[in-house]
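Just so it is clear, the model here is predicted, and its values are computed rather than measured.
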Amino acid sequence: MEIAENAALVVVDVQKGFEEGEHWGPRNNPAADDNIAALIDAWQGTGRPVVFVRHDSPKPDSPLRVGYGGNEFKEYVEQRRGKGDGAELLVTKSVNSAFYGAPDLDAWLKGVGARQIAVAGIQTNMCAETTARMGGNLGYEVFFALDATYTFDGVGPWGWTLGAEELARATAVTLHGGGFARVVRTEELVRAAGAVAA
């Protein structure tokens, strides 16, 4: 795996509101936050661009709504913002894809010359997956750090339910099988990012 010196890390919706378990239900991957932090550190430590994405929910009862404490980034993310030597961007959005936020993520990535993106964040099968899919459609080489994401149990039509881990695996299979992204582990990305920058 080769990670370009201007490959961008896109950190999706790592917000305090996702800690409200009574709203979201059971989740998977308790190691996700440590892995997200490791990726931010690796990208900032090698001067690569980092994009922090925040979901500003228009729903009045959402833990991610504007003006509510849950809208804020988790502490470990907020503490890292502005710390790297590389370019940094804050994108706000109210839909699933970070490419439909403000400012225009695609235009910014083109401006810094990035043709590769690494995606991490919350939720695996929602905003992280949608951002990765769209990145692939737009022609970026996308790396999806599966173990740097997490999601929650889900309910679908006809009473169908899937556990968080099943949904995460479905995302991995869809992204990989559909050619949208290369699904990887945090350790692989950190190692590759360090090797290129060394």
Side-chain angles (χ1 to χ4, degrees), residues 1-14 28-29 31-53 76-77 80-91 93 96-101 103-151 168-198:
M1 181 190 319
E2 292 187 10
I3 304 296
E5 291 183 12
N6 62 352
L9 175 65
V10 182
V11 182
V12 180
D13 301 353
V14 184
N28 71 326
N29 193 17
D33 288 299
D34 288 342
N35 289 330
I36 294 166
L39 285 172
I40 297 170
D41 290 345
W43 250 251
Q44 290 182 331
T46 55
R48 289 182 170 88
V50 179
V51 179
F52 294 101
V53 182
Y76 74 90
V77 170
R80 285 168 168 79
R81 290 182 60 211
K83 302 293 186 189
D85 293 328
E88 184 176 306
L89 180 69
L90 169 65
V91 171
K93 63 180 181 61
N96 300 103
S97 175
F99 287 97
Y100 282 123
D104 186 305
L105 176 57
D106 185 43
W108 187 84
L109 290 170
K110 287 184 168 79
V112 299
R115 295 308 308 160
Q116 292 179 328
I117 62 171
V119 177
I122 314 168
Q123 300 178 54
T124 311
N125 58 317
M126 297 290 184
C127 297
E129 179 179 339
T130 305
T131 297
R133 281 177 177 247
M134 191 164 179
N137 285 166
L138 288 169
Y140 293 94
E141 182 179 9
V142 181
F143 298 94
F144 191 85
L146 185 65
D147 63 350
T149 73
Y150 68 86
T151 191
R169 286 178 180 235
T171 287
V173 170
T174 299
L175 291 176
H176 174 85
F180 295 102
R182 181 172 173 179
V183 180
V184 297
R185 293 183 174 88
T186 296
E187 182 183 6
E188 297 174 81
L189 279 177
V190 169
R191 187 168 57 245
V196 170

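- When each of Thr149, Ile117, Val184 is checked for a side-chain contact (heavy atoms from CB on, under 4.5 Å) with Phe144, only Thr149 meets the rule.
- Of all the heavy atoms in Pro103 and Leu89, the pair that sits closest is CG-CD1, 3.5 Å.
- No donor-acceptor distance shorter than 3.5 angstrom exists from the side chain of Arg48 to the backbone of Gly84, with no hydrogens or angles considered.
- Remark: Leu138 CG to Lys110 NZ distance equals 6.0 Å, nearest 0.5 Å.
- Listed by chain and residue number, Glu141 satisfy the side-chain hydrogen bond (donor to acceptor under 3.5 Å, both in side chains) test with Gln116 (two or more places apart in sequence, or in another chain).
- In this structure, the side chains of Thr124 and Glu129 stay at 4.5 Å or more apart for every pair of heavy atoms.
- Put simply, the side chain of Asn96 never gets that close to the backbone of Thr130: no donor and acceptor are under 3.5 Å apart.
- In this structure, the side chain of Arg115 engages the main chain of Gly139 through a donor-acceptor pair within 3.5 Å.
- A donor-acceptor pair is defined here as one N or O able to donate and one able to accept, closer than 3.5 Å; no such pair exists between the side chain of Asn125 and the backbone of Ala168.
- Within 6.0 Å of CZ on Arg81 lie more than 12 heavy atoms contributed by other residues, nucleotides or ligands.
- Distance CZ/Phe180 to OG1/Thr131: 13.0 Å, rounded to 0.5 Å.
- Across all their heavy atoms, Asp33 and Tyr150 have their closest contact at OD2-CE2, 4.1 Å.
- Here the OH atom belonging to Tyr100 is positioned 10.5 Å from the CG atom belonging to Asp106, to the nearest 0.5 angstrom.
- At least one side-chain heavy atom of Asp13 sits less than 4.5 Å from a side-chain heavy atom of Lys93.
- Rounding to the nearest 0.5 Å places CZ of Arg191 at 11.0 Å from CD1 of Ile3.
- Considering Val50, Val11, Ile40, Ile36 in turn, Ile40 is the only one that fulfils the side-chain contact (heavy atoms from CB on, under 4.5 Å) rule with Arg80.
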Could you go step by step and tell me if Leu189 and Met1 meet the side-chain contact (heavy atoms from CB on, under 4.5 Å) rule?
CA-CA 8 Å; Leu189 279 177; Met1 181 190 319; 3.7 Å; yes
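- The line from CZ of Phe143 to CG of Leu39 is 12.5 Å long, rounded to the nearest 0.5 Å.
- Heavy atoms only, all atoms of each residue included: Asn29 and Leu146 are closest at ND2-O, 4.0 Å.
- Of all the heavy atoms in Ala7 and Pro49, the pair that sits closest is O-CD, 3.4 Å.
- Shown here for Val51 and Trp108, the closest heavy-atom pair between the two residues is CG2-CZ3, 3.5 Å.
- Listed by first and then second residue, the side-chain hydrogen bond (donor to acceptor under 3.5 Å, both in side chains) pairs that reach into residues 174-190 are Asp147-Thr186, sequence neighbours excluded.
- Smallest separation of non-hydrogen atoms from Ala87 and Val112: CB-CG1, 4.1 Å.
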